[in-house]
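Input: a single structure, listed below in structure tokens.
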Amino acid sequence: MTPAAARSVHMRLILWAVLSGVVLWALEAGRIPAAGLLHDRKVQAAGRMAAATQAVAAERERRGIPIDADADPNRTGLIGPEHTPITTTLGHLPAKRTSTNPNMAGLVAHLLGRAGAAPGACAAVAFSGSFPALNIAVLSACAAMGVRPVAVSSIGASTYGATHPDFTWPDMERALFERHVFPWRSAAVAAGGVERTSPLFADEGLRLARAAMDRSGLPVLDENGERSLAADVERRRQLYVDGCGGLPAVFVNVGGSLAAIGNCRGVDRLPPGLVAPGSLEAGPDCGLVHRMAADGVPVIHLLNVLGLARDHGLPVDPVPLPGVPDGRVMTAGGYSRPSALAGLMAVLGLGWWAGRRRLHRTNEREY
């Protein structure tokens, strides 16, 4: 091949590459949110979470429990006091506020879809008092996706969670049920880290946790932390199996309760979001996340909220709260089919032209 011919070939390849890049850019820029398979359900979930948040704030004010505007500038009612007798561990205030974004419910709907949870499916859920906003996001997503949750709720909460002893997560859940925001309540309730042996709560925290459990009217799981971890995990698993009529389609864990994540090796490295079934092994010190994954159940692990938000294009610690829909997980939809077809034809056409030109030059040299 002569130098001139080689340059011609290189120019055609460069032109083809540039056109392919332009077509790809145009398709990405012209994405249509409504073309996404779950777009409507994600928007519905986010809208329901926004309504549920308003209901919680109204109930909190009705009970005479003031909202701290410094800790909760968006006045969601979902940010509790820093420390109370039922506070279990330290929490991160920006993470708690990030979780109140109603588009978080759209993210959970997105994850349910990726997990393969179809309408009519049953989801096993572990609710933590540490993230009441994420609990609401899960319920909102289940409602939008047509998925029935079978949940166990905990009283104890990390700082800035549902830490007010008179307005715990089960109190919020009951208020949302009685206000007809959601048609479900938890199947059982547990203290969730509030133990007699804890130096943080002692008898006062245990008394307030028991009062909250009695107030809920739900069946109580008597759990004793690490001393009964294996038995507690198995009992919760059986509760989920009985409630779902078999293994659930998906297990959703909110927060870092002992029964959910356990104490086994690598638990601190559990990735947030979707955990593939069969990807984890369950030892005697492991919690329900490992047990369900080992059983072949997809797991949605809702922890490391800031990482979840960044990974899915949601803002961190937003003031004011975004509208619906907002964020990449909510607005990234499908491609326009006519545009995709036109781009494909353009790339193929240029390739055909380049091939014909090369064949023509080859024939000229042979003759």
Side-chain angles (χ1 to χ4, degrees), residues 45 48-49 52-53 55-56 76-80 86-89 91 95-96 99-100 104-105 107-109 111-112 117 122-143 145 147-158 160-164 167-177 181-194 209 212-213 215-221 223 232-233 235-237 239-240 243-244 248 250-262 272 287-289 292 299-303 305 308:
R48 188 177 287 259
M49 181 173 174
T53 299
V56 168
T76 64
L78 296 169
I79 306 297
I86 63 168
T87 304
T88 54
T89 54
K96 301 300 173 78
S99 71
T100 64
M104 276 288 177
L107 168 56
V108 178
L111 294 173
L112 285 172
C122 182
V125 183
F127 281 144
S128 166
S130 296
F131 286 97
L134 289 184
N135 298 343
I136 291 174
V138 171
L139 290 174
S140 300
C142 285
M145 297 287 288
V147 172
R148 178 173 62 90
V150 175
V152 174
S153 288
S154 297
I155 300 293
S158 59
Y160 302 111
T163 51
H164 198 291
F167 202 46
T168 63
W169 162 244
D171 292 313
M172 298 180 192
E173 183 191 58
R174 181 170 184 171
L176 292 169
F177 175 79
V181 178
F182 298 116
W184 315 288
R185 292 190 67 199
S186 293
V189 65
V194 184
M213 290 189 288
R215 199 165 59 239
S216 74
L218 299 172
V220 174
L221 300 182
E223 298 178 345
D232 294 342
V233 168
R235 178 169 53 180
R236 288 202 189 196
R237 178 187 176 278
L239 187 152
Y240 291 138
C244 288
V250 61
F251 173 60
V252 184
N253 173 57
V254 178
S257 69
L258 180 63
I261 64 173
L288 282 158
V289 168
M292 287 292 182
V299 173
I300 296 174
H301 183 46
L302 300 179
L303 198 58
V305 176
L308 273 173

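FYI, the numbering just counts along the sequence from 1.
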Practice problem: Please step through side chain to side chain donor-acceptor pair (under 3.5 Å) for the pair Lys96 and Ser130, ending with a clear verdict. | Solution: CA-CA 8 Å; Lys96 301 300 173 78; Ser130 296; 5.1 Å; no
Quiz item: Any side-chain heavy atom of Val152 within less than 4.5 Å of one from Val189?
Solution: no
Quiz item: Where is the tightest heavy-atom contact between Arg236 and Ala190, given as atom of each residue plus distance?
Solution: NH2-CB, 3.7 Å
Quiz item: Quick one: are Pro272 and Leu302 in side-chain contact, heavy atoms under 4.5 Å?
Solution: no
Exercise. Could you pull out the closest heavy-atom pair between Ala162 and Met172, with the gap in Å?
Key: CB-CE, 3.9 Å
Self-check item: From CH2 (Trp184) to CZ (Arg148), nearest 0.5 Å
Solution: 10.0 Å
Practice problem: Give a yes or no on whether a salt bridge exists between Asp232 and Arg235, defined as a side-chain N under 4.0 angstrom from a carboxylate O. | Solution: yes
Exercise. Look only at the side chain of Arg48 and the backbone of Ala105, and say whether a donor-acceptor pair between them is shorter than 3.5 Å.
Key: no
Quiz item: What's the spacing between Leu139 CG and Glu173 CD if we round to 0.5 Å?
Solution: 6.5 Å
Quiz item: Could you state the interatomic distance from CG (Leu221) to OG (Ser186), rounded to the nearest 0.5 Å?
Solution: 10.0 Å
Exercise. Please examine the side chains of Pro248 and Val150, heavy atoms only from C-beta on, and report whether any two atoms are closer than 4.5 Å.
Key: no
Quiz item: Is Asn253 reaching over with its side chain to a backbone N or O of Gly255, donor-acceptor style, under 3.5 angstrom?
Solution: yes
Practice problem: Find the distance between CG (Leu111) and CD1 (Ile300) and round it off to the nearest 0.5 Å. | Solution: 5.0 Å
Quiz item: Any side-chain heavy-atom pair from Leu303 and Phe131 closer than 4.5 angstrom?
Solution: yes
Quiz item: Would you find a donor on one side and an acceptor on the other, under 3.5 Å apart, between the side chain of Ser154 and the backbone of Gly156?
Solution: no
Self-check item: Least distance between heavy atoms, Ile136 atom then Val56 atom
Solution: CD1-CG2, 3.9 Å
Exercise. Indicate the atoms forming the closest heavy-atom contact of Ala123 with Val147, along with that distance.
Key: CB-CG1, 3.7 Å
Quiz item: What pair of heavy atoms forms the shortest contact from Ala191 to Met213, and how long is it?
Solution: N-SD, 3.6 Å
Self-check item: Any Ser216 side-chain heavy atom under 4.5 Å of Arg185 side chain
Solution: yes
Quiz item: Is there a donor-acceptor contact under 3.5 Å from the side chain of Tyr240 to the main chain of Val125?
Solution: yes
Self-check item: Interatomic distance, Thr163 atom OG1 to Ile155 atom CD1 [nearest 0.5 angstrom]
Solution: 12.5 Å
Quiz item: So which heavy atom on Ala52 is nearest to which on Val181, and how close?
Solution: CB-CG1, 3.8 Å
Quiz item: To the nearest 0.5 Å, what is the distance between CG (Leu107) and CG (Leu134)?
Solution: 9.0 Å
Exercise. Could you check whether the rings of Phe127 and Trp169 sit parallel, tilted or perpendicular, using 30° and 60° as the cut-offs?
Key: perpendicular
Quiz item: Is there a donor-acceptor pair under 3.5 Å between the side chain of Arg174 and the backbone N or O of Arg215?
Solution: yes
Quiz item: Are the side chain of Thr88 and the backbone N or O of Ala157 linked by a donor-acceptor pair below 3.5 Å?
Solution: yes
